[in-house]
Undergrad: 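I have a structure here, written as structure tokens, and I will follow up with some questions on it.
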Amino acid sequence: MPKQQSGDELADRLLEAQVDYLRAELTGERLRDVIARDVRDVLALLGPVPVAQLVDADAIKSIGRRLVVDLGASAVLSEMVGALADGIYDMGASDEYLLGDVLDRDAVAALVRHALTMRRLPDRLLDRLTESPLVATIAARFVSKLVSDFMQQNRARAEKLPGMSTMLNIGAGAASKVRGVTDRHLDQVLGDVAGRGASYALKRTNHAIREMLSEAPLEQATMQMWDLHADEPVGDLREYLSRDELRVLAQRSHDVVISARETAFAGALVDVCVDVFFAEYGDYELTRLLGELGITEDDLVADLQLLIPPLVAAADRDGELAAHIRSRLAPFFHSEQVRALLS
């Protein structure tokens with residue numbers, strides 16, 4: 001007659017049987033079937049539920065605010081910015097594909113057309129530029145340079161005519177005596193005049209720019225430039241920036257964004273994004289939202305079957321997976337309730 005097992009012995013055997021069963025479910029070919037089964041079960045259970053009932057908007061805001069701050073301070077993110085810039089710059093595919101094959105011409109044309117129809121942005125920008133003393137100074141120097149170059153070019157052309165060089169020298173000498181101004185002071189005089197009229201010049205320049213934006217064939221000119229680049233490899237864009245320049249540009253852009261991460265405005269921006277999402281999609285059922293995102297049940301199953309097995313295999317090394325399962329189940333099988341049932 002077999003020896004009768006005690007409750008503790010039977011509990012231990014049941015525990016080991018359960019550990020073996022779960023480990024088999026999580027390893028080998030059975031894991032793929034388990035993933036497919038569980039994904040379908042979860043979607044069948046939660047798919048008909050509106051998104052707003054599955055997740056709390058305030059909780060998402062809290063998590064979003066924390067991620068903005070914590071990820072922004074991450075050394076990994078900071079290092080990845082430079083590394084990604086280098087990787088994109090050196091990407092071999094850039095030499096294999098033409099720019100026109102990567103970006104659709106009609107989409108680029110629509111973007112250019114819309115940008116040129118935007119009036120408030122350039123108008124406001126031009127108005128604010130006129131308020132800057134430094135911009136006025138730069139404009140004055142620019143006008144001075146234009147006038148000076150124009151006069152020098154026309155003088156050079158005139159001097160090519162027989163006898164004109166002598167006449168210009170005599171005229172310049174007479175003008176110098178009358179006005180007390182020499183040729184070497186010409187740029188200074190022009191600069192002073194331009195400086196005094198800088199505000200007026202800027203306003204006139206702004207008016208000219210506005211007319212150019214509204215009347216000039218900028219769309220055609222821009223698309224002609226696009227067509228010049230469209231039949232060239234994407235890698236030819238490297239001619240506009242060196243590798244180091246792109247890396248520094250990416251890092252400086254990252255610094256600008258990160259500098260604002262802990263401000264109240266950044267938190268408000270996160271809140272608005274969450275509010276907009278829930279206002280647009282909060283009433284959507286989960287399955288409908290996934291469909292809008294282009295994610296199917298088969299996609300989820302295939303992606304998880306690709307990602308999860310390597311993780312489980314790493315956890316199963318040296319019996320660690322079984323030990324972890326056992327540590328989770330042991331309290332149940334050794335509980336007073338189970339002992340009482342097995343006695």
Side-chain angles (χ1 to χ4, degrees), residues 1-60 62-64 66-67 70-71 74-77 79-80 83-84 87 277-278 281-282 284-343:
M1 182 176 178
K3 181 181 177 182
Q4 187 176 4
Q5 294 179 336
S6 67
D8 289 342
E9 291 174 343
L10 186 55
D12 288 338
R13 292 185 63 183
L14 288 173
L15 171 61
E16 292 306 316
Q18 184 72 13
V19 169
D20 292 341
Y21 174 81
L22 290 178
R23 181 181 176 278
E25 287 271 279
L26 297 176
T27 56
E29 289 300 317
R30 286 175 61 179
L31 178 57
R32 297 177 59 85
D33 296 334
V34 169
I35 292 173
R37 179 199 67 197
D38 290 348
V39 168
R40 293 187 173 95
D41 288 346
V42 169
L43 290 181
L45 182 64
L46 301 179
V49 181
V51 174
Q53 295 181 21
L54 294 176
V55 289
D56 180 66
D58 291 335
I60 298 299
S62 177
I63 294 172
R66 178 180 58 79
L67 290 177
D70 293 347
L71 290 180
S74 170
V76 173
L77 182 60
E79 293 173 1
M80 282 296 294
L84 283 174
F277 174 82
F278 276 89
Y281 301 105
Y284 278 41
E285 296 177 352
L286 178 59
T287 50
R288 181 186 175 189
L289 177 61
L290 292 177
E292 293 287 337
L293 293 173
I295 302 174
T296 66
E297 181 179 289
D298 291 339
D299 292 333
L300 286 174
V301 171
D303 293 341
L304 292 175
Q305 286 177 337
L306 185 65
L307 296 173
I308 292 179
L311 299 178
V312 176
D316 194 38
R317 66 187 185 279
D318 301 327
E320 292 184 12
L321 178 60
H324 183 73
I325 296 174
R326 185 180 296 107
S327 68
R328 290 298 184 91
L329 295 177
F332 169 75
F333 283 98
H334 293 160
S335 64
E336 293 295 334
Q337 294 89 337
V338 173
R339 284 181 178 178
L341 291 173
L342 296 178
S343 297

Undergrad: Whether the H334 and D8 side chains hold a donor-acceptor pair (N or O, under 3.5 Å, no angle test) is what I'd like checked.
TA: no

Undergrad: For a 4.5 angstrom cut-off between non-hydrogen side-chain atoms, does D303 reach I295?
TA: no

Undergrad: Under the rule for side chain to side chain donor-acceptor pair (under 3.5 Å), what residues qualify as partners of D299, not counting sequence neighbours?
TA: T296

Undergrad: Do the non-hydrogen side-chain atoms of L304 and D38 ever get within less than 4.5 Å of each other?
TA: no

Undergrad: Just verifying a value: how many Å separate L77 CG and D70 CG, rounded to the nearest 0.5 Å?
TA: 12.0 Å

Undergrad: Of all the heavy-atom pairs spanning R30 and A24, show the shortest one and how long it is.
TA: NH1-CB, 3.2 Å

Undergrad: What's the separation between atom CG in D58 and atom CD1 in I63, rounded to the nearest 0.5 Å?
TA: 11.0 Å

Undergrad: Scan for side chain to side chain donor-acceptor pair (under 3.5 Å) pairs involving residues 321-332, sequence neighbours excluded, and state none if there are none.
TA: E16-R326

Undergrad: Could you tell me which non-hydrogen atom of A11 sits nearest to which non-hydrogen atom of F333, and how far apart they are?
TA: CB-O, 3.3 Å

Undergrad: Nearest 0.5 angstrom please: L293 CG to Y281 OH, how far?
TA: 7.5 Å

Undergrad: By side chain to side chain donor-acceptor pair (under 3.5 Å), which residues pair with R66, not counting sequence neighbours?
TA: none

Undergrad: First locate atom CD of E285, then atom CD of E292, and finally report the distance between them rounded to the nearest 0.5 Å.
TA: 12.0 Å

Undergrad: Please determine which of L31, T27, L26 meets the side-chain contact (heavy atoms from CB on, under 4.5 Å) test together with P309.
TA: L31

Undergrad: Mind checking side chain to side chain donor-acceptor pair (under 3.5 Å) for Q18 and listing every partner two or more places apart, or none if nothing turns up?
TA: none

Undergrad: What are the two closest non-hydrogen atoms of G282 and P50, and how far apart are they?
TA: O-CB, 3.8 Å

Undergrad: Does OH belonging to Y21 count more than 12 external heavy atoms closer than 6.0 Å?
TA: no

Undergrad: Decide yes or no for L22 and L329: does some side-chain heavy atom of the first lie under 4.5 Å from some side-chain heavy atom of the second?
TA: yes

Undergrad: Would you mind reporting whether F277 and V51 have side-chain heavy atoms less than 4.5 Å apart?
TA: yes

Undergrad: CG/L54 to CG/D56 distance, rounded to the nearest 0.5 angstrom?
TA: 11.5 Å

Undergrad: Looking only at non-hydrogen atoms, find the nearest pair between V34 and E25 and report the distance.
TA: CG2-O, 3.4 Å

Undergrad: Q305: what forms a side chain to side chain contact (heavy atoms under 4.5 Å, CB included) with it, not counting sequence neighbours?
TA: R32, I35, A36, V301

Undergrad: Suppose we screen for salt bridge (Lys or Arg N to Asp or Glu O under 4.0 Å). Which residues come up paired with D316, at least two apart in sequence or across chains?
TA: R23

Undergrad: Side chains of V49 and L286: closer than 4.5 Å at any heavy-atom pair?
TA: no

